[in-house]
Amino acid sequence: MSEHFCTCQSRGCPYNPCNHNEGCSPCIQKNLRRKEIPSCFFNLLETAEQRTGYSFEDFAELILAKKEK
């Protein structure tokens with residue numbers, strides 16, 4: 001189901017919905033454990049390729065940089 005809208009390009013990632021039938025849950029669980037934002041949120045930004053990591057701070061920096069423009 002979620003594999004139809006998942007924007008993650010990391011098809012080799014074991015958490016990617018295309019690799020199992022558990023939807024986004026494994027990815028979300030991993031990100032919550034690591035205190036990170038899933039790549040699908042980053043992929044909503046035109047500047048996603050500029051990210052240095054997946055932390056809350058990395059996401060906030062991209063959002064704030066976009067807001068300043």
Side-chain angles (χ1 to χ4, degrees):
M1 316 239 169
S2 56
E3 68 272 7
H4 299 293
F5 64 84
C6 182
T7 62
C8 180
Q9 298 301 313
S10 299
R11 301 282 184 219
C13 176
Y15 304 108
N16 190 306
C18 72
N19 295 319
H20 53 77
N21 62 357
E22 298 178 54
C24 297
S25 294
C27 180
I28 300 298
Q29 289 171 336
K30 174 200 62 133
N31 284 286
L32 288 172
R33 220 176 20 255
R34 294 181 179 182
K35 297 190 178 356
E36 293 180 338
I37 302 285
S39 65
C40 55
F41 284 77
F42 281 95
N43 292 340
L44 292 172
L45 306 171
E46 301 86 29
T47 56
E49 70 281 348
Q50 296 174 10
R51 68 178 167 246
T52 57
Y54 292 92
S55 71
F56 298 150
E57 292 82 6
D58 294 324
F59 188 73
E61 285 174 10
L62 291 179
I63 293 294
L64 291 173
K66 179 181 179 185
K67 201 172 184 182
E68 291 174 0
K69 291 182 179 183

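Every value quoted in this text rests on a predicted model; they were computed, and no experiment measured them. The residues of the chain are indexed from 1 along the displayed sequence.
For the pair Asn16 (side chain) and Ser10 (backbone), a donor-acceptor distance under 3.5 Å is present. Judged purely by atom type and a 3.5 angstrom limit, Asn43 uses its side chain to pair as donor or acceptor with the backbone of Thr7.
Closest heavy-atom contact between Pro26 and Gly23: CD-O, 3.6 Å. Of all heavy-atom pairs between Cys18 and Arg11, the closest is SG-CD, 3.6 Å. Residues Glu46 and Glu49 approach most closely at O-OE1, 3.1 Å, considering heavy atoms.
With rounding to the nearest 0.5 angstrom, the CD1 atom of Ile37 is 9.0 Å from the CG atom of Leu32. In this structure, the separation between SG on Cys13 and NZ on Lys30 is 5.5 Å, given to the nearest 0.5 Å. Rounding to the nearest 0.5 angstrom, the gap separating the CZ atom in Arg34 from the OG atom in Ser55 is 12.5 Å. To the nearest 0.5 Å, atom CD of residue Glu61 and atom CD of residue Gln50 are 11.5 Å apart. Summarising the geometry, atom CG belonging to Leu62 is positioned 6.0 Å from atom CG belonging to Leu45; distances are rounded to the nearest 0.5 Å.
Placement of Phe56 and Ile28 in two distinct hydrophobic clusters is found when ILVMFWY residues are connected by side-chain heavy-atom separations under 4.5 Å, directly or transitively.
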message: Could you walk me through whether Cys8 and Cys40 satisfy the side-chain contact (heavy atoms from CB on, under 4.5 Å) test, starting with their C-alpha distance in whole Å, then the side-chain angles of each, then the deciding distance to 0.1 Å, before giving a yes or no?
response: CA-CA 6 Å; Cys8 180; Cys40 55; 5.9 Å; no
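Residues forming a ring-ring contact (aromatic ring centres under 6.0 Å, His included) with Phe42 (at least two apart in sequence, or on another chain): Tyr54, Phe59.
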